[in-house]
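A short worksheet on the structure shown next.
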Amino acid sequence: MSEYKSRLVHDLVDRGYMFQATDIDGLDAAASKGVMTGYIGFDATAPSLHVGSLVQIMMLRRMQQAGHKPIILMGGGTTKIGDPSGKDKSRQMLTDDVIEANKTSILKAFSRLVRIGDGPTDALVVDNDEWLSKFGYIQFLRDFGPHFTINRMLTFESVKQRLDREQPLTFLEFNYMLLQAVDFLELNRRYNCTLQLGGGDQWGNIVNGVELCRRVGQAEVFGFTTPLITTASGAKMGKTAEGAVWLNADQKSPYEYWQFWRNTEDADVGRFLRLFTDLPLEEIARLEALEGAEINDAKIRLANEATTMMHGAEAARQAEETARQTFAAGGAGDALPTVSFIPDGETTLTALFVEAGLASSNGEVRRHIKAGAAKVNGEALTDPFAPATAELLVDGAIKLSIGKKRHALAKPS
């Protein structure tokens with residue numbers, strides 16, 4: 001257990017969120033004095049965030065739990081530019097209408113994890129387009145250009161990596177770090193925000209913001225980043241063979257979300273329990289110590305806690321029951337991902353595997369068939385061109401499976 005005075009820093013460190021901090025002792029002292037305001041920015045590039053962003057949202061939750069005020073900064077302005085961090089190519093340009101729709105959709109996940117409102121520690125939702133869109137180019141350069149040097153900007157890892165890979169870095173993207181720094185300054189001026197949190201790939205951007213606030217506003221502010229969250233096998237958090245694990249239920253069903261956590265690697269269970277649940281550290285230590293087949297109990301607990309937090313207790317209960325029916329009892333489970341088809345013999349079973357998200361392409365299905373991993377109603381599929389017909393329906397559906405853990409239903413429309 002850490003020896004920090006404030007609950008905020010104590011929780012962030014003990015639960016494994018800390019990677020880098022501009023002044024951890026100063027942050028600890030400031031968080032001990034009273035309500036502190038901190039923020040994280042989220043660009044609206046898609047209708048939903050995915051699990052890779054969940055650690056950031058959880059830090060806002062930790063802030064609120066510790067009696068501080070989180071700001072959810074929606075990047076209505078910066079989404080129009082594109083952050084070069086960790087990218088190999090420029091971001092696709094989105095229209096204002098798409099950005100606005102994405103912002104509304106993204107906030108659904110936040111409302112599950114933080115309390116949004118007008119209270120002293122309620123989360124505040126702010127859009128950086130409020131100020132970024134009002135800057136004139138000459139004004140922006142005069143006000144902020146003198147505080148940044150190209151020499152320093154070229155040393156930041158996100159820029160160096162792009163250049164080292166000889167990938168184009170546009171002047172548009174190069175400006176992103178200036179805009180993010182100005183965000184921190186504006187939030188400090190408007191809301192006395194003194195803490196910016198983010199992922200490790202944002203370190204350079206965060207340091208720029210801290211330095212700008214100190215130079216221009218003479219404000220005592222802090223930066224804090226999390227490590228890149230990867231699995232024990234080195235895979236990027238939130239990515240699977242089937243694609244991103246989205247937070248919104250209309251992008252990824254609660255059952256699939258539950259199953260993602262249930263499939264956590266043994267070595268990651270304790271770490272993920274600390275990061276992504278509210279379970280006490282003592283209980284996590286007990287679960288983490290389980291061995292052999294008992295580690296599955298810890299994985300189910302992780303899946304239930306994480307799914308309850310995001311989709312509600314009933315969704316978690318249904319997902320666990322579906323998994324039990326599917327894996328233990330050999331049933332179909334009502335909450336399994338479901339696709340519809342016309343049973344006229346025109347649709348192939350291979351196509352249904354792809355449509356259900358069990359494979360990304362017909363070629364991948366054929367590889368599973370060759371390996372004996374693709375099953376229909378529990379029987380190995382041998383013909384990649386076999387049609388989906390009414391004769392295959394069992395209790396009104398065709399059960400599709402890849403291996404022992406991934407299942408879906410195909411029902412006639």
Side-chain angles (χ1 to χ4, degrees), residues 1-2 4-18 21-42 49 53-76 103-104 106-128 130-131 180 183-199 202 206 209-210 213 217 219-226 247 274-281 305-306 308-313:
M1 300 288 284
S2 64
Y4 293 103
K5 297 177 183 178
S6 67
R7 179 182 171 186
L8 173 62
V9 176
H10 187 279
D11 285 353
L12 290 177
V13 171
D14 285 359
R15 285 186 171 270
Y17 293 94
M18 182 174 172
T22 55
D23 178 6
I24 192 65
D25 292 327
L27 173 60
D28 186 40
S32 300
K33 293 176 183 176
V35 177
M36 186 178 209
T37 301
Y39 89 98
I40 303 178
F42 300 88
L49 299 175
S53 300
L54 186 57
V55 69
Q56 312 305 330
I57 307 176
M58 289 299 295
M59 282 203 294
L60 296 180
R61 182 179 177 88
R62 301 300 179 213
M63 278 198 72
Q64 196 166 66
Q65 289 172 334
H68 301 287
K69 186 175 185 67
I71 292 179
I72 303 165
L73 181 67
M74 301 304 297
K103 281 163 42 185
T104 301
I106 284 170
L107 283 171
K108 296 175 185 176
F110 285 94
S111 63
R112 288 283 191 179
L113 298 176
V114 295
R115 186 180 63 257
I116 299 172
D118 300 322
T121 61
D122 287 348
L124 183 66
V125 179
V126 181
D127 187 343
N128 63 15
E130 291 178 22
W131 52 85
Q180 187 168 327
D183 283 347
F184 200 177
L185 181 62
E186 282 292 327
L187 291 173
N188 179 256
R189 287 171 169 172
R190 295 178 181 221
Y191 307 104
N192 192 30
C193 178
T194 55
L195 171 63
Q196 182 180 176
L197 305 123
Q202 295 296 311
I206 289 174
V210 168
C213 289
E220 183 183 28
V221 297
F222 308 95
F224 184 101
T225 65
T226 60
L247 300 183
R274 283 186 286 274
L275 291 171
F276 301 113
T277 80
D278 289 339
L279 288 178
L281 293 177
E305 294 289 333
T308 295
M309 197 176 290
M310 184 57 61
H311 298 297

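With hydrogens and angles ignored, the 3.5 Å screen pairs a side-chain donor or acceptor of Asp28 with a backbone N or O of Ser6. Side-chain atoms of Arg189 do not come within 3.5 Å of backbone N or O of Gly217 as any donor-acceptor pair. A donor-acceptor contact shorter than 3.5 Å is absent between the side chain of Thr308 and the backbone of Glu305. Judged by distance alone, the side chain of Lys69 and the main-chain N or O of Gly38 form no donor-acceptor pair under 3.5 Å. Put simply, the side chain of Arg62 never gets that close to the backbone of Leu12: no donor and acceptor are under 3.5 Å apart. Judged purely by atom type and a 3.5 angstrom limit, Gln64 has no side-chain atom pairing as donor or acceptor with the backbone of Pro70.
Closest approach of Cys193 to Ile71, counting heavy atoms only: CB-CD1, 4.3 Å. Closest non-hydrogen pair, Met18 versus Ala21, comes out as CE-CB, 4.1 Å. The shortest non-hydrogen separation linking Ala123 to Val114 is CB-CG2, 4.1 Å. Contact record, Gly67 with Val35: O-CG2, 3.6 Å, taken as the closest heavy-atom pair. Shown here for Cys213 and Val221, the closest heavy-atom pair between the two residues is CB-CG2, 3.7 Å.
Between the NZ atom in Lys108 and the CD1 atom in Ile106 there is a gap of 11.0 Å [rounded to 0.5 Å]. Interatomic distance, Leu54 CG to Leu49 CG, rounded to the nearest 0.5 Å: 9.5 Å. In this structure, CD1 in Ile57 is found 10.0 Å from CZ in Phe276, a value given to the nearest 0.5 Å. Between His68 atom NE2 and Met36 atom CE the span is 7.5 Å, to the nearest 0.5 Å. Note that the CE atom of Met59 and the CD1 atom of Ile40 stand 4.0 Å from one another [nearest 0.5 Å]. Here CE of Met63 is found 10.0 Å from OG1 of Thr121. Values are rounded to the nearest 0.5 Å.
With respect to Phe224, the side chain to side chain contact (heavy atoms under 4.5 Å, CB included) criterion is satisfied by exactly one of Leu195, Asp23, Val9: Leu195.
A heavy-atom distance below 4.5 Å is found between the side chains of Leu60 and Phe110. When side chains are defined from C-beta on, Thr37 does not count as touching Thr194, because their heavy atoms never get closer than 4.5 Å. Side-chain contact between Trp131 and Val126: present, with at least one pair of heavy atoms (C-beta onward) separated by less than 4.5 Å. For the pair Tyr39 and Asp183, the minimum side-chain heavy-atom distance is below 4.5 Å. Between Asp278 and Met309, some side-chain heavy-atom pair lies under the 4.5 Å cut-off. Contact check for Leu275 versus Met58: no side-chain heavy atoms found under the 4.5 Å cut-off. Counting only heavy atoms from C-beta outward, the side chains of Asp14 and Arg274 never approach each other to under 4.5 Å. You'll find the side chain of Gln56 reaches within 4.5 Å of the side chain of Thr226, heavy atoms only.
The local environment of CD in Glu220 is sparse, with at most 12 non-hydrogen atoms from other residues, nucleotides or ligands closer than 6.0 Å.
Electrostatic pairing of Asp11 and Arg15 does not count as a salt bridge here, judged by no charged N lying under 4.0 Å from a carboxylate O. Between Lys5 and Asp25 there is no salt bridge, since no side-chain N of the basic residue sits under 4.0 Å from a carboxylate O of the acidic one.
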### Query
Taking it one step at a time, do Gln180 and Gln202 satisfy side chain to side chain contact (heavy atoms under 4.5 Å, CB included)?
CA-CA 10 Å; Gln180 187 168 327; Gln202 295 296 311; 3.1 Å; yes
### Query
Can Gln196 and Leu187 be said to form a side chain to side chain contact (heavy atoms under 4.5 Å, CB included), step by step?
CA-CA 10 Å; Gln196 182 180 176; Leu187 291 173; over 6 Å; no
